[in-house]
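The next block holds one structure in the form of structure tokens; read it before the comments.
The basis for the numbers below is simple: all heavy atoms, side chains too, and nothing from hydrogens, waters or symmetry mates. If you're wondering where the values come from, they're calculated on a predicted model, not measured in any experiment.
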Amino acid sequence: MNSRWLQYLVLTLVMLFLIGPFFIIVAAGLSAGESLAFPPQGLSFRWVIKVFQIDSFRESFALSMALAVFGTLAALILGVPIAYALARYKLPFGETLRTIVSAPIIVPGIIVGLALLRYLVVPLDVEVVTALFAAHTALILPYAVRVVSASLNNLRSDIEEAAVLLGASRPGAFFRVVLPNIRSGILAAFILGFVTSFNQVPVSLFLSGPGVRTLPIDMISYLETTYDPSVAALAALLAFLSIAIVFVAERFLGFSRYV
Amino acid sequence: MSDFLQLESLTLAYGKSIAVESLNLSVNQGELVAFLGPSGCGKSTTLRAIAGLMKTRSGHIRLDAEDITRKPPNKRDVGMVFQSYALFPHLSVTENVAFGLRLKRLDKQDIDKRVTEGLSIVGLGEFARRMPAELSGGQQQRVALARALVMDPKVLLLDEPLSNLDARLRLEMRSELQRVQQQTGLTMIFVTHDQVEALSLADRIVVMNKGSIEQIGSPEEIYNCPATRFVADFVGFENIFAVHDRQLLPADDNVGGDKPHSARLPLTCGTAPDTRGLAWRPASVVLGSGNYPGTIVGNAFAGTVREYLLQTALGPVRADVNAELPAYPTGSDVMFDLPFDKAVPLSSMS
């Protein structure tokens with residue numbers, strides 16, 4: 001009896017710890033007061049509406065969206081062939097490749113960001129946007145390779161041989177037989193990559209320039225000058241967007257199988 | 001047509017390790033041939049080479065008077081049923097069977113007609129709309145068979161077609177394959193490690209061991225007259241002895257050496273000059289009479305026969321005796337005979 005109550009208590013505390021901040025943010029965003037505070041002073045949608053009136057938010061949102069979409073696409077274009085090669089062939093440097101591909105997960109983002117700034121943007125005069133795009137692609141690549149590898153490993157390799165013996169070329173067999181069967185894994189990787197990129201802070205922090213800021217960075221700098229609830233309102237909107245995406249993915253793809 | 005499919009000194013290798021060495025084989029059109037042997041003997045590798053899924057190191061493969069050694073697998077007109085069936089999980093039964101026909105860009109009516117035909121040959125007409133995951137193993141296999149059949153291949157290759165099925169389905173599938181072969185007149189080669197499967201299904205059996213052919217023959221020839229020690233062992237001749245200088249020796253004795261053989265028994269009659277060994281089935285060994293002494297070290301009741309294990313000067317000897325006769329207790333000394341008229345001469349003891 002006792003241990004059961006303890007279990008519930010621990011479970012409740014953990015849930016509170018995980019989801020609590022979300023409710024605080026939502027509440028703070030719906031505040032009618034002038035400054036960011038919890039508990040909110042009254043309820044209103046004025047800060048939610050304000051979010052859409054701030055130009056820099058609109059611009060950084062567009063940049064973050066573009067980075068997330070194209071960075072993830074690029075990571076998949078690189079990652080699917082890498083995952084395929086790792087799954088199907090005994091590569092001489094297969095393990096090394098796997099490690100290199102996983103590196104961006106293991107290396108702290110701060111270091112990745114600093115390194116890119118110090119050795120790519122500054123000496124080579126690479127456009128900040130280009131550097132951001134490259135960085136996000138590299139950050140998403142490990143997830144793309146892992147998730148796609150998982151679904152490739154569940155797929156028998158002899159179906160490709162069967163397709164070839166029925167007249168398909170090797171690339172034809174890949175597109176007709178492999179790709180349709182790992183489609184949900186690729187979509188799962190896309191969503192995971194999208195969310196990873198969209199929420200990315202440490203790397204993007206170093207790769208910001210005049211007029212080039214991702215949304216999270218823009219939110220931080222907004223907060224530094226203007227301490228009003230609009231940031232909380234924006235954060236709540238983004239959280240709802242993420243929840244919606246993951247919910248749809250789980251509903252239609254069984255997303256959790258791949259992550 | 002004879003020599004429909006020819007393998008000429010075919011050598012296959014995985015990297016540096018040779019899997020099949022200078023193999024020669026000729027298969028007639030409409031023949032049902034079994035590659036029989038233990039795992040790792042090169043039988044599946046040979047099958048994959050015929051399909052073009054495995055590169056040949058040297059030698060030639062000819063099919064229907066054409067050298068296909070360098071031809072890519074998707075242009076060979078060779079069909080294959082994989083051990084795991086290899087159905088496309090995202091396609092329905094119909095779409096699986098239609099896959100190759102669609103690649104050929106046949107018109108839709110023709111495809112539909114051939115798919116229906118193919119599914120009815122394997123008796124799966126009413127499963128056309130199902131997905132592979134909704135079918136039993138036996139049904140999946142028949143889809144795989146139909147998928148290969150509708151392509152009208154010159155040769156149909158089957159890799160361990162019965163090994164993933166339970167005993168009852170295996171019997172069913174066996175007669176199914178025979179029926180399909182009679183109905184279509186297709187040349188078929190299948191790989192198996194199960195001698196019963198090979199004996200019951202094939203017109204001709206190719207016994208393989210360590211990358212080369214041990215013996216080619218009809219099921220009767222392979223079963224009754226194995227030519228080598230390996231084949232004899234494989235088809236159940238449990239008593240195999242070497243022959244040297246009109247003496248019967250333990251099989252693994254170094255006959256060429258000078259050291260005297262303590263365990264030698266005189267043969268009661270002559271053998272052909274190239275005979276290197278003699279083999280007896282356990283059922284051919286006579287207990288209770290004969291010239292050779294032995295001691296019973298094991299006996300087990302096995303229904304119609306009692307299975308004995310004897311310790312003799314030749315090493316262990318296995319004998320199956322009618323179970324209705326009184327049993328010899330373990331430990332008793334007994335005379336036994338290896339009747340020469342039941343012996344099968346072996347030309348190779350390696």
Side-chain angles (χ1 to χ4, degrees), chain A residues 76 80-81 83-95 147-191 249 251-258, chain B residues 14-15 44 47-48 50-54 71-92 95-106 111 115 118 131-133 140-141 143-160:
Chain A
L76 280 172
V80 172
Y84 182 78
L86 286 172
R88 289 290 182 266
Y89 304 105
K90 273 201 193 110
L91 302 176
F93 301 105
E95 272 316 302
V147 176
V148 173
S149 289
S151 49
L152 272 173
N153 288 338
N154 288 331
L155 192 67
R156 302 195 56 95
S157 59
D158 52 13
I159 62 168
E160 290 165 64
E161 295 182 337
V164 166
L165 288 180
L166 290 167
S169 60
R170 274 281 167 188
F174 178 81
F175 287 108
R176 281 169 201 276
V177 167
V178 177
L179 219 46
N181 282 303
I182 60 169
R183 198 182 49 195
S184 47
I186 289 174
L187 271 165
F190 184 88
I191 288 159
R251 194 59 199 275
F252 293 103
L253 304 173
F255 185 51
S256 46
R257 271 184 300 153
Y258 297 95
Chain B
Y14 294 100
S44 289
L47 204 70
R48 291 174 62 79
I50 297 171
L53 297 173
M54 168 101 196
K71 214 172 183 186
N74 52 349
K75 306 251 190 292
R76 284 194 181 193
D77 277 340
V78 168
M80 184 154 171
V81 175
F82 290 79
Q83 186 173 6
S84 64
Y85 322 136
L87 296 183
F88 308 130
H90 64 299
L91 298 179
S92 71
E95 289 165 330
N96 261 280
V97 178
F99 186 89
L101 300 172
R102 286 193 181 149
L103 284 176
K104 274 190 171 176
R105 303 193 183 285
L106 301 181
I111 292 177
V115 169
M131 297 304 280
Q140 290 188 28
Q141 171 136 49
V143 175
L145 182 61
R147 185 176 67 178
L149 284 177
V150 295
M151 297 300 288
D152 201 10
K154 287 178 177 165
V155 185
L156 180 63
L157 309 172
L158 304 110
D159 193 0
E160 299 275 2

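In this structure, the side chain of His90(B) does not engage the main chain of Arg183(A) through any donor-acceptor pair within 3.5 Å.
In this structure, Leu166(A) and Phe88(B) have side chains that are in contact, with non-hydrogen atoms separated by less than 4.5 Å. Annotation: side chain of Phe99(B) is in contact with side chain of Arg176(A) (closest heavy-atom distance under 4.5 Å). Side-chain contact between Pro89(B) and Ile159(A) is present, with heavy atoms from C-beta onward closer than 4.5 Å.
Looking at every heavy atom in both residues, Pro73(B) comes nearest to Val164(A) through CG-CG1, 3.5 Å. Between Leu165(A) and Ala51(B), the closest heavy-atom pair is CD2-O, 3.4 Å. In this structure, Leu103(B) and Ala168(A) approach most closely via the heavy-atom pair CD1-N, 3.4 Å.
For a residue to count as touching a neighbouring chain, one of its non-hydrogen atoms must lie under 4.5 Å from one of that chain's; by this rule Leu87(B) touches chain A with the backbone only. Residue contact with chain B, scored on non-hydrogen atoms closer than 4.5 Å, is absent for Ala173(A).
A donor atom on one side chain and an acceptor atom on the other are not found under 3.5 Å apart for Asn74(B) and Ser169(A).
Top candidate by heavy-atom pairs under 4.5 Å with chain A, chosen from Arg147(B), Arg76(B), Met80(B), is Arg147(B). Highest contact tally toward chain A, considering only Ser84(B), Gly100(B), Gly79(B), Pro153(B), is held by Ser84(B) [criterion: heavy-atom pairs under 4.5 Å].
Residue Tyr14(B) qualifies as enclosed at atom OH: its count of foreign heavy atoms under 6.0 Å is above 12.
For the atom pair Arg48(B) CZ and Glu161(A) CD, the distance stands at 4.0 Å (nearest 0.5 Å).
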